[in-house]
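Following: one structure in structure tokens, then a few remarks.
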Amino acid sequence: MKQCAALIIIAVTVIISAGCYSKNDYAQKEPYKREMFALDTIISFTIYNGNAQEVSELSEELIKTLEKQLSVTDENSEINRMNNASEPVKVSQDTFNVMKTACEVYELSEGSLDPTIYPIVKLWGFTTGENRVPTSNEIQKTIPLVNASVIVLNESNLTITVPKKTELDLGAVAKGYISQKVKELMKENGVESAVLSFGGNIQTIGQKNGEPWKIGVKYPFTQDSFIILDIGETAIITSATDQRYFTHDGKSYHHIIDPKNGYPVENGTLSVTVVCKDGTKADALSTALFVMGQKRAEEYWRKNGGFEYLLLDDNSNVYVTSGLKNKMKLSEEYDYLKLNFIE
């Protein structure tokens, strides 16, 4: 039987799907494809069965609704309401869920992910597009405001209290949550086979023609995939140095900030890809593990589990946890990379 593979490159907005089908494939012979721009990236759906157009329209509306609630740059969002109040703020269940996950990962990662990072992010201009390198004095004055332990969550009445001058940015979690909700919506509406791409955030539903999806993980600052994953239904989310950055005086500064010192992380990590059933958790962990670096990331994985990861560093090492060992291979052009399996 002739087989054709679909290759989805993480952190690239194009999904490439092969066009080979047999009589036993889904009734929908050609996949339905749709794109939209939201969450500061191009989002695409490739759906292989079901009422694809209708479910895509429903998904677009859901994305727009959740983005309005969770965007730090929307002055009417629930995040902004919390950032401009010092008393408990009633929020939607969705916003509460995202905050709860962010705070849980903050605790477990010992602050490697911190949802109160926004005052520092603003200094660097990553949300305004007016990038600059802050002075060390500016950072030292601002870094005390980064402290998620001051957030109070009240699940019984869905209120969140953010003290004065503390400001939230859920960019490291929100996209994963939204992609997870879209995936759930599609499955509830009969979709059994699909790939959803939210930039560096991939969600898969079912399989492609009874075979695992082939997902390519992009090497930073190229359009090439350095690893191909054979994967089933899951979330595959990458944080990398090339996803948002600027150059000043010949030096590049990426958007993944260390909450402890207020500067872009410099620990030798180039990218971290997390594979996990829960897209919200995967999104949060891809950032947290990047900040931790390989040694602490491995310790976190051993202690907490529930996910797999691969980490690429600037010394041509790729660290891969045991659950991915038999589901991945290096691309030919990157066979010089050194694989280190974490058992």
Side-chain angles (χ1 to χ4, degrees), residues 36-41 43 59-107 111 113-132 134 138-139 141-182 198-199 201 239 243-244 246 255-257 259 262 279-280 283-284 287-288:
M36 66 179 293
F37 186 84
L39 305 172
D40 201 30
T41 192
I43 296 171
S59 297
E60 284 193 13
E61 290 304 312
L62 177 60
I63 290 167
K64 291 174 184 176
T65 297
L66 293 176
E67 182 176 27
K68 281 185 172 295
Q69 291 174 197
L70 297 169
S71 172
V72 72
T73 57
D74 186 331
E75 61 182 16
N76 296 314
S77 71
E78 293 186 347
I79 301 303
N80 258 308
R81 284 204 290 123
M82 288 186 282
N83 286 348
N84 290 285
S86 55
E87 65 277 348
V89 174
K90 177 82 171 180
V91 298
S92 64
Q93 184 69 62
D94 290 307
T95 297
F96 193 91
N97 290 345
V98 175
M99 276 298 307
K100 184 178 179 180
T101 297
C103 289
E104 287 173 350
V105 175
Y106 165 79
E107 292 286 347
L113 176 87
D114 194 315
T116 65
I117 194 72
Y118 192 51
I120 291 290
V121 172
K122 283 195 297 184
L123 283 182
W124 288 90
F126 282 114
T127 55
T128 64
E130 299 176 357
N131 298 123
R132 58 186 287 267
E138 287 177 307
I139 289 177
K141 285 183 176 179
T142 308
I143 201 69
L145 301 177
V146 181
N147 178 16
S149 66
V150 300
I151 298 172
V152 178
L153 303 178
N154 189 327
E155 195 157 12
S156 64
N157 60 11
L158 294 182
T159 62
I160 300 174
T161 306
V162 180
K164 189 175 182 180
K165 294 188 178 181
T166 301
E167 293 181 289
L168 303 173
D169 180 1
L170 296 178
V173 190
K175 193 185 297 183
Y177 181 80
I178 293 172
S179 68
Q180 185 73 29
K181 295 297 288 186
V182 170
F198 288 64
N201 181 324
S239 290
Q243 290 175 343
R244 190 178 301 169
F246 69 95
H255 76 293
I256 305 175
I257 306 292
T280 316
D283 202 4
T287 300

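All values derive from a computational prediction rather than experimental measurement.
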Please name the pair of heavy atoms, one in [X] and one in [Y], separated by the smallest distance, quoted to 0.1 Å.
X	Y	answer
Ile120	Gly262	CG2-O, 3.5 Å
Ser71	Asn80	O-ND2, 4.1 Å
Phe198	Lys175	O-CD, 3.3 Å
Ser86	Thr161	O-CG2, 4.0 Å
Ser239	Ile256	CB-CD1, 4.0 Å
Leu113	Ala288	CB-CB, 4.0 Å

Starting at [atom1] of [X], measure out to [atom2] of [Y] and round the result to the nearest 0.5 Å.
X	Y	atom1	atom2	value
Asn84	Glu167	CG	CD	7.0 Å
Thr287	Ile257	OG1	CD1	11.0 Å
Arg244	Asn131	CZ	CG	9.0 Å
Leu66	Ile178	CG	CD1	5.0 Å
Lys90	Asn154	NZ	CG	9.0 Å
Leu70	Thr95	CG	OG1	4.5 Å

Minimum side-chain heavy-atom gap [X]-[Y] below 4.5 Å:
X	Y	result
Asn201	Thr41	no
Leu170	Met99	yes
Cys103	Ile151	yes
Tyr177	Thr101	no

Is it the case that over 12 heavy atoms from other parts of the model lie below 6.0 angstrom from the [atom1] atom of [X]?
X	atom1	result
Lys122	NZ	yes
Glu87	CD	yes
Lys141	NZ	no

Which residues share a ring-ring contact (aromatic ring centres under 6.0 Å, His included) with Phe246, sequence neighbours left out: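 Residues passing ring-ring contact (aromatic ring centres under 6.0 Å, His included) with Phe246: Phe126, Tyr253.
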[X] side-chain N/O to [Y] backbone N/O, donor-acceptor pair under 3.5 Å:
X	Y	answer
Glu67	Leu39	yes
Ser77	Val72	no
Ser179	Gly176	yes
Glu78	Ser92	yes

Sequence-distant partners of Arg81, side-chain hydrogen bond (donor to acceptor under 3.5 Å, both in side chains), two or more places apart: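 For Arg81 there are no side-chain hydrogen bond (donor to acceptor under 3.5 Å, both in side chains) partners, ignoring immediate neighbours.
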Would you please name every residue forming a side-chain hydrogen bond (donor to acceptor under 3.5 Å, both in side chains) with Gln93, sequence neighbours left out?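 By the side-chain hydrogen bond (donor to acceptor under 3.5 Å, both in side chains) rule, Gln93 matches Asn97.
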Any chance you could lay out the side-chain contact (heavy atoms from CB on, under 4.5 Å) test for Ile139 and Trp124, step after step, and finish with the verdict? CA-CA 10 Å; Ile139 289 177; Trp124 288 90; 4.1 Å; yes
Run the side-chain contact (heavy atoms from CB on, under 4.5 Å) check on Leu145 and Thr116 step by step: do they pass? CA-CA 7 Å; Leu145 301 177; Thr116 65; over 6 Å; no
Which of these passes side-chain contact (heavy atoms from CB on, under 4.5 Å) with Met82: Thr166, Thr159, Ile160?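 For Met82, the side-chain contact (heavy atoms from CB on, under 4.5 Å) check succeeds only for Ile160.
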Using the side-chain contact (heavy atoms from CB on, under 4.5 Å) rule, pick out the option among Asp169, Ile143, Leu168 that qualifies with Ile117.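 Exactly one candidate clears the test, Asp169.
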Might you work through the side-chain contact (heavy atoms from CB on, under 4.5 Å) test for Asp74 and Gln69, ending with a clear yes or no? CA-CA 8 Å; Asp74 186 331; Gln69 291 174 197; over 6 Å; no
